[in-house]
Visitor: 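Before anything else, here's the structure in question.
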Amino acid sequence: MTVADTEVNLVDLVAAMLRRVADQSHGTVGARVEDVRLVVPAGWGPRRRTWLRQAAHRAGLAQPRLVEAPVAVAEHLLASGVQLPVGSFIVVCDVGAGAEVTVLRRGPAGFEVLATLADPAAGGTAIDDAITTALTAHNGPHDGNHGRWTLAASVRAAKHALADRAAVTLPLPDTSATVLTVELLDQAAHPVLQRVAHLTTEAIAAAEISANDLTGVYCVGGVARLPLLRQVLTDALPVAPTVVEEPAMAAVRGAADAGATHSGAMAAPPDVPVPPVRRAVAIAVPGFASLGLVAQFLLTPEWNGGALRPWALLNWGELAVAAVFAVIASLGAGTVLASAVAARTSLAAGPPVSPGSQIGTGILASASLGVAVVGMYAVVGSLYIGDPVAGFLRWTLLPVAPIVAAAAVMALVAARQWRVPVGGWSRLLAFPSGSVITAGLGMALIQYSLTADRWPDMVVWIDIAGRAGGLLLGVGIIMAVVSQPILRLILGAPLAVITAALVSRPASGILGVMYAIAVAAWWLRQLWTRLLRPDTPARPPR
């Protein structure tokens, strides 16, 4: 491009403008701006987006986040309190220098661009050219580019002034003046705005929806203030258009507010950050409890049959509880890591990657890891004890099957972005550590009471340890099934007494299965109450 008789690279020209913006921002806030967001047309492809990132890099800006203009406008509407339910369709008609019409659908994960059409000859520049041509025909030509540029600037200012006036005086480059009226403006703008209306109907057709399906039509851009635009769109559509307040700034405000919590029909509180120490504890507790129980299971069997044909009497309930703990730890670790990766990817440059798909993949991968770990428990136990692996697999895989099934459904919900739980996925899958601690300690005491040497002076203490273990296991079951403290107290006491009374070698497997069922019930409750129930509140992730 030629600027002051000098050929200038367009990237350098845009970089100079962005550099000035950065300098002005630095002077305003007193620090370098780290979060940079650039609004781009929805129809821009990878080449143009890369070009703009290069310009921002040359300007010394931080890695920018590109926000599509119609999506930013829709986000601004939500932040302003406009009710846009999940599943609704809207049209954003952006008429500035040119025109870009976009049809969007609000999904659980945010706004999705269904169709976008642009026409550079259907905006304010075309209207300015038409008025300039009409004035030049009436007042004589003006020589040179300087005279035409001066007239175009005057026409642009007069056009905006006519939004709330009947006529304005328009200075001409030859020091004379003329009067620009609303009638002359409408005459010049009508064919241009008719193209905007035609572009809107084409965009709706390209989105494969009906105009009657629209929740609203929202106009932004400098030309949006012209009453004629609303009239033309009203004649072409069954939905009356709405001019967004401060239409020239709507996309900028929406991009700046991107990531904020919006009020609306489907809005919900933002994620409550959990301290890293608590997250690590929530993962480490079931992991170490699982390893401890497996180690005790393998090292303390009751051998029978003599030296020629020894066979082991095993506490299968302890192995089942260890398998359940292993899956809980795997799901907790995998979901936290997937959430962290999704959060970092959303801020990174490059093609957009759905956070929901990453979280869904993380849940499936962690569930698969848990199944692999419990399968390893079975194989190692079979080799160490010397018994067939079928019994070990039965007591490791069957107790965790309902948990893995619930996790698979959660992964599908996350990947398809149907719902996002309040507090995030890592919070949803955070199994109560108190239940793990009490149940793990209880099962360890039960195994000790079943296998410890019963010296005459230790029989009573070993029996007390077993009953205490059953008591703790019952408390752990209640803590998994019931969340209200008062109900835990009411139901926990009788159940703890029952599990304490059941402690014996034949009932050890039953106790382990009871806890596995309680954990499966916790997962199914989480799945229903926080994801699948129709009235469950959810928020679109950012």
Visitor: Quick check: closest heavy atoms across P64 and A56, and the distance to 0.1 Å?
Guide: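 Where P64 meets A56 most closely, the heavy atoms are CG-CB, 3.9 Å.
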Visitor: Under the side-chain contact (heavy atoms from CB on, under 4.5 Å) rule, what do M249 and H76 come out as? Steps first, then yes or no, please.
Guide: CA-CA 10 Å; M249 292 293 294; H76 173 65; over 6 Å; no
Visitor: We want to know whether Y448 and T300 form a side-chain donor-acceptor pair, criterion being a heavy-atom distance below 3.5 angstrom.
Guide: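 Not at all, the side chains of Y448 and T300 share no donor-acceptor pair under 3.5 Å.
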Visitor: Just do the side-chain contact (heavy atoms from CB on, under 4.5 Å) check on L84 and Y218 with the steps written out, would you?
Guide: CA-CA 12 Å; L84 299 176; Y218 300 93; 4.0 Å; yes
Visitor: Assess whether salt bridge (Lys or Arg N to Asp or Glu O under 4.0 Å) is satisfied between R505 and E302, documenting all intermediate values.
Guide: CA-CA 10 Å; R505 172 67 67 181; E302 183 179 338; 2.9 Å; yes
Visitor: Write down the atom of L61, the atom of A22, and the distance for their closest heavy-atom approach.
Guide: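 Closest heavy-atom pair between L61 and A22: CD2-CB, 3.3 Å.
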Visitor: So how far is it from T438 OG1 to I478 CD1, rounded to the nearest 0.5 Å?
Guide: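 Spacing of OG1 (T438) from CD1 (I478) equals 10.5 Å.
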Visitor: Evaluate the side-chain hydrogen bond (donor to acceptor under 3.5 Å, both in side chains) criterion for residues E318 and S508: first the C-alpha distance (whole Å), next the side-chain angles of each, then the deciding distance (0.1 Å), finally the verdict.
Guide: CA-CA 8 Å; E318 186 174 32; S508 59; over 6 Å; no
Visitor: Please state whether the rings of F297 and W316 are parallel, tilted or perpendicular, taking 30° and 60° as the class boundaries.
Guide: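 Answer is tilted, since the angle falls between 30° and 60°.
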Visitor: For D213 versus F89, what's the shortest heavy-atom pair and its separation?
Guide: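 Residues D213 and F89, closest heavy atoms: O-CD1, 3.9 Å.
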Visitor: Shortest non-hydrogen contact from G370 to S330?
Guide: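 So the minimum-distance heavy-atom pair works out to CA-OG, 3.5 Å.
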Visitor: List the steps and the verdict of salt bridge (Lys or Arg N to Asp or Glu O under 4.0 Å) for E75 and R106.
Guide: CA-CA 10 Å; E75 296 286 356; R106 187 187 179 194; over 6 Å; no
Visitor: Please report the C-alpha distance between F288 and F325 in whole Å, then the side-chain angles of each, then the deciding distance to 0.1 Å, and finally whether the side-chain contact (heavy atoms from CB on, under 4.5 Å) criterion is met.
Guide: CA-CA 9 Å; F288 284 114; F325 286 168; over 6 Å; no
Visitor: How close do S433 and V285 get, heavy atom to heavy atom, and via which atoms?
Guide: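 Reported closest heavy-atom pair: O-CG1, 4.3 Å.
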Visitor: Distance-only, no hydrogens or angles: does the S382 side chain make a donor-acceptor pair with backbone N or O of D387 under 3.5 Å?
Guide: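 Pair found, side chain donor or acceptor close to backbone of D387.
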